[in-house]
Amino acid sequence: MTADARAGASNTRAAWTMLLAVAAFSLMDAGLKSLAATYPPFQVASLRGAASLPFVLAWALATGGVASLRINRWSLHLLRGAIGVGMMASFVYALGSLPLSTAYSIFFVAPLAITALSVPLLGERVGPRRWMAIAIGLLGVLVLLRPRGEGMVSLAALAVLAAALGYALSAITVRLLTRTDSVQSIMVWLLVMIALGAGLLAWPDWRPIRLEHAWTIAGVGIAGALGQYAITEAFRIGEASAIAPLEYTALVWGVLLDLGLWGVLPDAITWVGAAIIVASGLYLLRRERLHAEAEHP
């Protein structure tokens, strides 16, 4: 098998793995939305971290042993943990009143935010075409929010934007952490900090967990752990520029889950805003791929 054939086979396997990751995370989010109807956001965030931790910890120990859990940069881990608590609680709060498809449409601004923040925080260079893609994506967010209409400038919509910004900051900390710490360490300690940090914040308003929600919490844990493993494996074996666009298939899952579980569908303006954000994100990924190929022919 030639090198090109091997690369093609790896990208194909990575693509299927990425699709599995997106599906798992979408099912996890549906579980979080269901729990958000009963429990406070910080409690749901804590349950998400605690429920996934045993599965991710077992994987980490099986693949890297205890040594892989060593922390070399405590400050960055703690910062990422704090960001993770805020991000998860904000997203859960938003899911309490927004359909999954709408929340996903707004959250898709995260890749644009990662590119924009990489300039001041990582010293990366972003050309005018990529800045234009970012500006167009932000226009799509304005379409979704409908600031002059009846629509969606609400605390829930702003909470999704906050979660997307948190995701972007978390992704940048990962770029820094992978220089000194293992993937196992990054994944395990984030879940530990979310479980403990969000749990402490939720403690004053903690509500007893109902027995009928035990399966939902377990499902959130399994789906979250599976999604985390699958997305890590996808980026390990495939080219990021080839598989990253598949993250947008979450919108399909959001629509299907909204319709199947809650009987709602996005309206026309939501589709327009989502299309603008996705198109700008896909163009941004293409420009980043061309930029990478120009630097490393």
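Values below: all heavy atoms of this structure, side chains included; hydrogens, waters and symmetry mates excluded.
The side-chain hydrogen bond (donor to acceptor under 3.5 Å, both in side chains) contacts involving residues 92-101 comprise Ser101-Asp258, where partners must be two or more places apart or lie in separate chains. Sorted by first and then second residue, the ring-ring contact (aromatic ring centres under 6.0 Å, His included) pairs involving residues 263-289 (not counting sequence neighbours) form an empty list.
Val220 places none of its side-chain heavy atoms less than 4.5 Å from the side chain of Leu47. Counting heavy atoms from C-beta on, the side chains of Leu282 and Val278 come closer than 4.5 Å. A 4.5 Å side-chain heavy-atom check between Leu144 and Thr270 finds at least one atom pair inside the cut-off. Side-chain contact between His77 and Ile186: present, with at least one pair of heavy atoms (C-beta onward) separated by less than 4.5 Å. Arg48 places a side-chain heavy atom less than 4.5 Å from the side chain of Leu191. Contact annotation: the side chain of Thr180 never approaches that of Leu76 to less than 4.5 Å [non-hydrogen atoms, C-beta and beyond]. The shortest distance between side-chain heavy atoms of Met18 and Ile231 falls below 4.5 Å. Between Glu247 and Tyr104 there is no side-chain heavy-atom pair separated by less than 4.5 Å.
Counting heavy-atom neighbours within 6.0 Å of Trp203 CH2, excluding the residue itself, gives a total of 12 or less. The environment of Tyr229 atom OH is sparse: at most 12 non-hydrogen atoms of other residues, nucleotides or ligands sit within 6.0 angstrom. In this structure, Trp16 places its CH2 atom where only 12 or fewer heavy-atom neighbours from other residues, nucleotides or ligands lie under 6.0 Å away.
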Apply side-chain contact (heavy atoms from CB on, under 4.5 Å) to residues Leu145 and Leu161 and explain how you reach the verdict. CA-CA 10 Å; Leu145 295 180; Leu161 284 177; 3.9 Å; yes
Working for side-chain contact (heavy atoms from CB on, under 4.5 Å), residues Ile277 and Ile106: CA-CA 8 Å; Ile277 296 172; Ile106 301 173; 5.9 Å; no
I would like to know whether Tyr39 and Ile217 meet side-chain contact (heavy atoms from CB on, under 4.5 Å); could you show each step before the answer? CA-CA 12 Å; Tyr39 306 100; Ile217 295 170; 5.5 Å; no
Would you please test Val92 and Leu35 for side-chain contact (heavy atoms from CB on, under 4.5 Å) and show each step? CA-CA 9 Å; Val92 170; Leu35 294 172; over 6 Å; no
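Judged purely by atom type and a 3.5 angstrom limit, Ser118 uses its side chain to pair as donor or acceptor with the backbone of Thr115. Checking side-chain atoms of Trp253 against main-chain N and O of Leu27 turns up no donor-acceptor pair under 3.5 Å. No donor-acceptor pair under 3.5 Å is formed between the side chain of Ser185 and the backbone N or O of Ser182. Within the 3.5 Å criterion, the main-chain N or O of Leu177 finds no donor-acceptor partner in the side chain of Arg73. For Thr178 (side chain) and Val174 (main-chain N/O), a donor-acceptor pair under 3.5 Å exists by modelled atom type. Between the Thr216 side chain and the Gly31 main chain, no donor and acceptor come within less than 3.5 Å of each other.
Each of Met132 and Leu139 belongs to its own hydrophobic cluster when Ile, Leu, Val, Met, Phe, Trp and Tyr are linked at side-chain heavy-atom distances under 4.5 angstrom. A single hydrophobic cluster is seen to contain both Leu261 and Leu251, as judged by linkage of ILVMFWY side chains at heavy-atom distances under 4.5 Å, directly or through other members. In the hydrophobic clustering of this structure, Leu138 groups with Ile114; members are Ile, Leu, Val, Met, Phe, Trp, Tyr whose side-chain heavy atoms approach within less than 4.5 Å, directly or through other members. Under a hydrophobic-cluster definition in which Ile, Leu, Val, Met, Phe, Trp and Tyr are linked whenever side-chain heavy atoms come within less than 4.5 Å, directly or via other members, Met88 and Val192 are assigned to different clusters. Hydrophobic clustering (ILVMFWY, side-chain heavy atoms < 4.5 Å, transitive): Val56 and Leu226 are in distinct clusters.
Expressed to the nearest 0.5 Å, how far CD1 of Ile209 lies from OG1 of Thr38 amounts to 11.0 Å. Between the CD1 atom in Ile71 and the CG atom in Asp181 there is a gap of 7.0 Å [rounded to 0.5 Å]. We find the CE-CD distance between Met187 and Gln228 to be 4.5 Å, quoted to the nearest 0.5 Å. The distance from the CD1 atom of Ile134 to the CG atom of Leu112 is 6.5 Å, given to the nearest 0.5 Å. Considering OG1 of Thr17 and CD1 of Ile237, their distance stands at 4.5 Å, rounded to 0.5 Å. Taken from OG1 in Thr173 to CG in Leu78, the straight-line distance is 11.5 Å, to the nearest 0.5 Å.
Taking each heavy atom of Tyr248 and Gly281 in turn, the nearest pair found is OH-CA, 3.2 Å. The heavy-atom pair separating Ala110 from Tyr167 by the smallest distance is CB-CD2, 3.7 Å. Residues Ala156 and Ala94 share a closest heavy-atom pair of O-CB, 3.3 Å. In terms of heavy atoms, Pro111 sits closest to Leu284 at O-CD2, 4.0 Å. Contact between Val109 and Ala164 at its shortest, heavy atoms only, is CG1-CB, 3.7 Å. Shortest non-hydrogen contact noted between Gly221 and Phe55 is O-CD1, 4.0 Å.
Leu190 belongs to a hydrophobic cluster whose remaining members, ordered by chain and number, are Phe42, Val85, Ile194, Leu201; membership requires side-chain heavy atoms of ILVMFWY residues under 4.5 Å apart, directly or through intermediates.
Annotation: Phe91 is in aromatic contact with Phe107 [ring centroid separation under 6.0 Å].
Side chain to side chain, Ser26 and Asp29 fail the donor-acceptor criterion of an N or O pair below 3.5 Å.
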